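Structure, as structure tokens:
What you see is a predicted model, and the numbers here were worked out from it, not measured in a lab.
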Amino acid sequence: MENTLGLEIIEVVEQAAIASAKWMGKGEKNTADQVAVEAMRERMNKIYMRGRIVIGEGERDDAPMLYIGEEVGICSRPDAKDFCNPDELIEIDIAVDPCEGTNLVAYGQPGSMAVLAISEKGGLFAAPDFYMKKLAAPPAAKGKVDINKSATENLKILAECLDRSIEELVVVVMKRERHNDLIKEIREAGARVQLISDGDVGAALSCGFAGTNIHALMGIGAAPEGVISAAAMRALGGHFQGQLIYDPAIVKTGLIGESKEANLERLQSMNITDPDKVYDAHELASGETVLFAASGITTGNLIQGVRFFHGGARTQSLVISNQSKTARFVDTIHMFEQPKYVQLH
């Protein structure tokens, strides 16, 4: 799968990032998202594969593109037999977020990305459009920190695993009312808190790399993005756990169904019989082969955002594979027209 789709999925996230970056700082978050969706879908439909969107543009939304269940790729076309050999057909599940951090793009803030994860059919957890309690940590702490422990306990474990003092740790938390007590506890334990307004996939991803000065992600964010984060962290060997949150009283902000009871019924209808189950990265991204790709829209901790120059643009992307056990940073110059020279810096 990696050999067949590696370069293709880089181009998918690159095109989404470029399209969205053109709307950076213009205050139009919906447009920034829409153009990313269109660009991602257009490039995806040129790949010789049969893909199925399992996490897309909203379970409840009447999204016209990249909706959950949509089939993408040349081999999903009605005339696929004219283009694809059934014996060589690649059937994959795809989780996408064409513009992760729409507000970040709209207001010119750092950390937005175009992201996707792929695996063979059935290899990604089809998370409902709920919220998820998340815990991400570096590979050294994998299986040692635990989402069921308090933040204070996990910080002590994390400090020991990383051979640091708690005061040297940085924990990313989304700035939400529901996290007030969590933020207070982290600070009282001695660690530092980096608050973000959106985009916790990038925060989880940063935990998997040394040198980012991000040591953990804690708190509640969107469940679909949790699956994408889990795919990346599984391929990196990092720690990730997620637990679905179905009670609106816990979330406090955002939409999460009509009521706790109605949400539990929805989970039952999706064959999720244990609503309080804690999932690890291998359960959320269970496929034999898992690929993750991201391209920066605005510059973040790990990757540069899109930089435009006369006649073109430069992107930086990241592709992680559990198959080859690699994390590749890809620097690409896109020439929209014949340039007088190629911009290197």
Side-chain angles (χ1 to χ4, degrees), residues 1-17 40 43-44 47 49 51 54-55 90 92-98 100-101 111-120 123-125 127 134-142 172 199-212 214-217 224-242 279-297 299-305 315-332:
M1 184 186 294
E2 181 183 359
N3 292 337
T4 306
L5 297 178
L7 180 58
E8 304 265 27
I9 65 168
I10 294 172
E11 293 183 356
V12 168
V13 291
E14 285 175 344
Q15 292 306 309
M40 179 173 278
R43 181 62 185 88
M44 208 175 275
I47 302 176
M49 66 173 183
V54 295
I55 289 175
I90 299 175
I92 62 171
D93 282 355
I94 310 171
V96 302
D97 194 342
E100 217 271 307
S112 60
M113 304 184 296
V115 299
L116 64 79
I118 67 174
S119 187
E120 63 269 13
L124 295 173
F125 179 67
K134 306 173 187 179
L135 175 62
K142 182 179 179 182
V172 173
D200 65 357
V201 173
L205 193 60
S206 294
C207 297
F209 290 88
T212 63
I214 302 297
H215 307 108
L217 166 71
E225 283 78 359
V227 175
I228 298 174
S229 298
M233 292 300 276
R234 181 191 160 187
L236 283 171
H239 180 93
F240 189 89
Q241 289 174 291
Y279 299 89
D280 63 24
H282 283 262
E283 292 169 309
L284 294 171
S286 61
E288 182 178 343
T289 301
V290 176
L291 292 176
F292 168 89
S295 189
I297 302 174
T299 297
N301 287 321
L302 268 180
I303 50 181
Q304 292 274 330
T315 59
Q316 188 175 49
S317 304
L318 170 63
V319 182
I320 308 170
S321 167
N322 78 318
Q323 187 176 19
S324 62
K325 293 181 171 54
T326 55
R328 293 186 172 94
F329 289 86
V330 181
D331 204 1
T332 307

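With S119 contributing its side chain and T289 its backbone, the two residues share a donor-acceptor pair below 3.5 Å. Put simply, the side chain of D280 gets close to the backbone of E283: a donor and an acceptor are under 3.5 Å apart. With hydrogens and angles ignored, the 3.5 Å screen pairs a side-chain donor or acceptor of S321 with a backbone N or O of Q323.
Under the side-chain contact (heavy atoms from CB on, under 4.5 Å) criterion, S229 pairs with V201, A204, F240, sequence neighbours left out.
Taking 4.5 Å as the limit, some side-chain heavy atom of M233 sits within range of a side-chain heavy atom of C207. Using a 4.5 Å cut-off on side-chain heavy atoms (C-beta onward), V115 and F292 make contact. For the pair I214/N301, a side-chain contact is recorded, criterion being any heavy-atom separation below 4.5 Å from C-beta on. Using a 4.5 Å heavy-atom cutoff, the side chains of H282 and R234 are in contact. For the pair I320/R328, no side-chain contact is recorded, criterion being any heavy-atom separation below 4.5 Å from C-beta on. Two residues are said to be in side-chain contact when any heavy atoms from C-beta on lie closer than 4.5 Å; I9 and L116 meet this criterion. Considering only heavy atoms from C-beta on, R43 comes within 4.5 Å of E8 through its side chain.
The shortest non-hydrogen separation linking L124 to A117 is CD1-O, 3.6 Å. Taking each heavy atom of A203 and L217 in turn, the nearest pair found is CB-CD1, 4.1 Å. The shortest heavy-atom contact between I297 and P98 is CD1-O, 4.1 Å. Taking every heavy atom of both residues into account, V227 and A127 meet most closely at CG2-CB, 3.6 Å. In terms of heavy atoms, A16 sits closest to A114 at CB-CB, 3.8 Å. L236 and A327 get closest at one heavy-atom pair: CD2-CB, 4.2 Å.
For E100 and S112, the side-chain atoms include no donor-acceptor pair closer than 3.5 Å. Side chains of S295 and S317: a donor-acceptor N/O pair is present below 3.5 angstrom, by distance only.
Here I228 contributes atom CD1 and L284 contributes atom CG; the two are 11.5 Å apart, rounded to the nearest 0.5 Å. Interatomic distance, L291 CG to I92 CD1, rounded to the nearest 0.5 Å: 8.5 Å. Atom-to-atom distance recorded for Q316:CD and L302:CG is 9.0 Å, nearest 0.5 angstrom.
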For this session: Show the numbers, then the answer: is there a side chain to side chain contact (heavy atoms under 4.5 Å, CB included) between E288 and E120?
Result: CA-CA 7 Å; E288 182 178 343; E120 63 269 13; 3.2 Å; yes

For this session: Dump the intermediate steps for side chain to side chain contact (heavy atoms under 4.5 Å, CB included) on E11 and I47, then the final yes or no.
Result: CA-CA 10 Å; E11 293 183 356; I47 302 176; over 6 Å; no

For this session: Take V13 and T315 through the side chain to side chain contact (heavy atoms under 4.5 Å, CB included) test and state the conclusion after the steps.
Result: CA-CA 10 Å; V13 291; T315 59; over 6 Å; no

For this session: Apply side chain to side chain contact (heavy atoms under 4.5 Å, CB included) to the pair L318 and F209, showing each step before the final yes or no.
Result: CA-CA 12 Å; L318 170 63; F209 290 88; 4.1 Å; yes

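For E225 and K134, the salt-bridge test fails: no basic side-chain N is under 4.0 Å from an acidic carboxylate O.
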